[in-house]
Amino acid sequence: MSLVASPHVATLNHTGVSHTVFHLLGIPGLEKQHMWISIPFFVSYVIAVLGNSLLIIIILSRSSLHEPMYLFLCMLAGADIVLSTCTVPQALAIFWFHAGEISLDRCIAQFFIIHCTFISESGILLVMALDRYIAICYPLRYTTILTHALIGKIGVTIFLRSYCTIFPIIFLLKRLTFCQNNIIPHTFCEHIGLAKYACNDIRVNIWYGLFVIIATVVLDALLIFVSYVLILHAVFHMSSHDARQKALSTCGSHVCIIILFYGPAIFTTLTQRFGRHVPPHVHILLANVCILVPPMLNPIIYGVKTKQIREHAVHMLFPKQQ
């Protein structure tokens with residue numbers, strides 16, 4: 001996938017033709033397997049929506065879970081539902097009904113929601129790391145620092161950051177003339193994947209897209225790493241073995257989710273950058289893994305590893321056994 005505008009931009013740009021409708025192919029090269037591929041897509045989507053919805057209901061309905069850690073988890077679950085719903089139904093429509101036609105405006109809207117949600121999730125993971133840092137390093141001041149008012153402001157800030165950084169890309173895309181191919185070999189729309197079909201110079205799009213990733217997701221990952229270095233430094237200076245075990249166990253679920261979120265994203269970026277001989281369908285499958293896997297596994301990880309959520313889930317699903 002080339003990110004550089006073609007050398008015959010000038011001649012094409014004078015045609016005045018600009019596509020307003022595009023066609024998503026799904027996973028090119030695996031069209032005959034689309035029906036089989038749709039099964040894990042569908043299963044993961046159902047698990048993600050039901051699991052995260054249950055997580056939100058449990059946290060909001062139980063006053064004992066109105067602590068900062070669980071409120072941030074509630075935000076993450078909401079973002080997971082949005083991310084899955086914005087991408088998976090579109091992919092299933094392509095796999096089942098060959099319904100890959102999408103207007104330019106709808107394509108840009110889908111890209112906007114996907115990228116906003118992804119950056120929001122990165123921000124939520126960062127504040128969850130800071131939450132664990134405060135809980136372990138300043139336990140006596142935990143509730144006075146992370147008040148409900150501050151948590152609300154943090155949530156708004158996370159949303160505004162993602163919205164403000166992605167919003168300019170709408171104008172960067174709307175200024176382009178799409179006079180090249182209108183067939184997109186993917187299951188959903190993405191920034192450069194759409195911009196590369198323009199006849200204009202897209203270097204501004206490429207550089208701004210790179211700036212957004214570095215200023216948000218990469219910066220978040222670095223700050224999370226620093227937070228956990230400080231957490232581990234504090235934990236291993238605790239005199240009590242039980243206290244160390246308890247502190248580490250409270251971070252276990254969050255660390256698993258961090259790996260799930262950043263791991264596939266980093267691997268996908270590396271294969272796109274250096275895997276020139278990797279088949280296109282592998283790139284597309286990896287991109288979908290970033291969208292499918294974290295929303296599906298996040299509620300399972302927290303449900304299994306967090307005693308309070310596990311107990312409330314059992315009580316809600318099987319009330320007669322209590």
Side-chain angles (χ1 to χ4, degrees), residues 52 55 59 67-80 82-83 114-139 141-142 145-146 150-166 209-238 244 246-270 286 289-291 293-302 304-306 309:
N52 285 293
L55 206 56
I59 291 170
E67 297 177 10
M69 181 178 76
Y70 299 113
L71 294 175
F72 291 134
L73 178 59
C74 191
M75 293 181 196
L76 185 68
D80 280 339
V82 172
L83 189 62
I114 291 171
H115 285 66
C116 267
T117 309
F118 191 82
I119 290 173
S120 294
E121 288 209 16
S122 180
I124 293 166
L125 289 175
L126 172 60
V127 296
M128 289 175 81
L130 294 176
D131 165 76
R132 292 299 83 203
Y133 169 73
I134 295 169
I136 291 170
C137 298
Y138 304 99
R141 297 172 56 196
Y142 179 66
I145 294 173
L146 288 175
L150 180 59
I151 292 169
K153 291 174 183 176
I154 289 172
V156 172
T157 303
I158 289 170
F159 171 76
L160 287 177
R161 182 189 72 153
S162 60
Y163 181 87
C164 292
T165 52
I166 297 299
L210 184 63
F211 162 75
V212 169
I213 292 297
I214 292 173
T216 56
V217 178
V218 174
L219 180 61
D220 290 347
L222 289 173
L223 291 174
I224 288 171
F225 177 76
V226 171
S227 297
Y228 270 95
V229 168
L230 295 174
I231 287 169
L232 290 174
H233 181 266
V235 166
F236 289 114
H237 279 76
M238 291 178 176
R244 284 199 299 271
K246 185 178 178 181
L248 289 173
S249 66
T250 61
C251 298
S253 302
H254 185 234
V255 170
C256 290
I257 288 175
I258 288 170
I259 293 169
L260 273 176
F261 181 81
Y262 289 106
I266 293 169
F267 188 69
T268 302
T269 303
L270 290 174
L286 286 172
V289 165
C290 294
I291 302 294
V293 175
M296 177 182 67
L297 293 182
N298 286 353
I300 295 173
I301 289 170
Y302 263 95
V304 170
K305 293 184 72 68
T306 308
I309 291 177

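Any value given below was found using the heavy atoms of this structure, including those in side chains, with hydrogens, waters and symmetry copies removed.
With contacts defined as side-chain heavy-atom distances shorter than 4.5 Å, the pair Phe118/Phe261 qualifies. Contact annotation: the side chain of Ile259 approaches that of Val255 to within less than 4.5 Å [non-hydrogen atoms, C-beta and beyond]. Using a 4.5 Å heavy-atom cutoff, the side chains of Ile224 and Met128 are not in contact. In this structure the side chain of Pro68 reaches within 4.5 angstrom of the side chain of Tyr142, judged on heavy atoms. In this structure, Ile136 and Leu230 have side chains that are not in contact, with every pair of non-hydrogen atoms separated by 4.5 Å or more.
We find the CG-CG distance between Leu223 and Leu125 to be 12.5 Å, quoted to the nearest 0.5 Å. Here the straight-line distance linking atom CD1 of Ile291 with atom CD1 of Ile114 works out to 5.5 Å at 0.5 Å rounding. Atom SG of Cys251 is separated from atom CG of Leu232 by 7.5 Å, given to the nearest 0.5 angstrom. To the nearest 0.5 Å, atoms CD1 (Ile300) and OG (Ser253) are separated by 12.5 Å. Atom CD of Glu121 sits about 9.5 Å away from atom CD1 of Ile257, to the nearest 0.5 Å. Considering SG of Cys116 and CG of Leu83, their distance stands at 11.5 Å, rounded to 0.5 Å.
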message: Before you tell me yes or no, could you show the steps for Phe225 and Tyr262 under ring-ring contact (aromatic ring centres under 6.0 Å, His included), namely the whole-Å CA-CA distance, both residues' side-chain angles and the distance that decides it to 0.1 Å?
response: CA-CA 12 Å; Phe225 177 76; Tyr262 289 106; over 10 Å; no
message: Is there a side-chain contact (heavy atoms from CB on, under 4.5 Å) between Ile309 and Leu73? Walk through the geometry before answering.
response: CA-CA 11 Å; Ile309 291 177; Leu73 178 59; 3.6 Å; yes
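The salt bridge (charged side-chain N to carboxylate O under 4.0 Å, His left out) pairs that include a residue from residues 69-78 number zero, where partners must be two or more places apart or lie in different chains.
For Asn298 (side chain) and Pro294 (main-chain N/O), a donor-acceptor pair under 3.5 Å exists by modelled atom type. Judged by distance alone, the side chain of His233 and the main-chain N or O of Val229 form no donor-acceptor pair under 3.5 Å. The backbone N or O of Pro295 lies less than 3.5 Å from a partner atom in the side chain of Asn52, making a donor-acceptor pair.
Partners of Thr216 according to the side-chain contact (heavy atoms from CB on, under 4.5 Å) rule, which considers only residues two or more places apart in sequence or in another chain, are Ile119, Arg161, Thr165, Val212.
The two residues Arg244 and Met238 make their nearest non-hydrogen contact at NH1-O, 2.7 Å. Between Ile124 and Phe72, the closest heavy-atom pair is CG2-O, 3.5 Å. The shortest non-hydrogen separation linking Pro264 to Val289 is CB-CG1, 4.1 Å. The two residues Leu55 and Ala77 make their nearest non-hydrogen contact at CD2-CB, 4.2 Å. Smallest separation of non-hydrogen atoms from Ile231 and Ala129: CD1-O, 3.9 Å. The shortest non-hydrogen separation linking Leu150 to Leu146 is CD2-CD2, 4.1 Å.
Checked against the 6.0 Å centroid threshold, His254 and Tyr228 count as a close aromatic pair.
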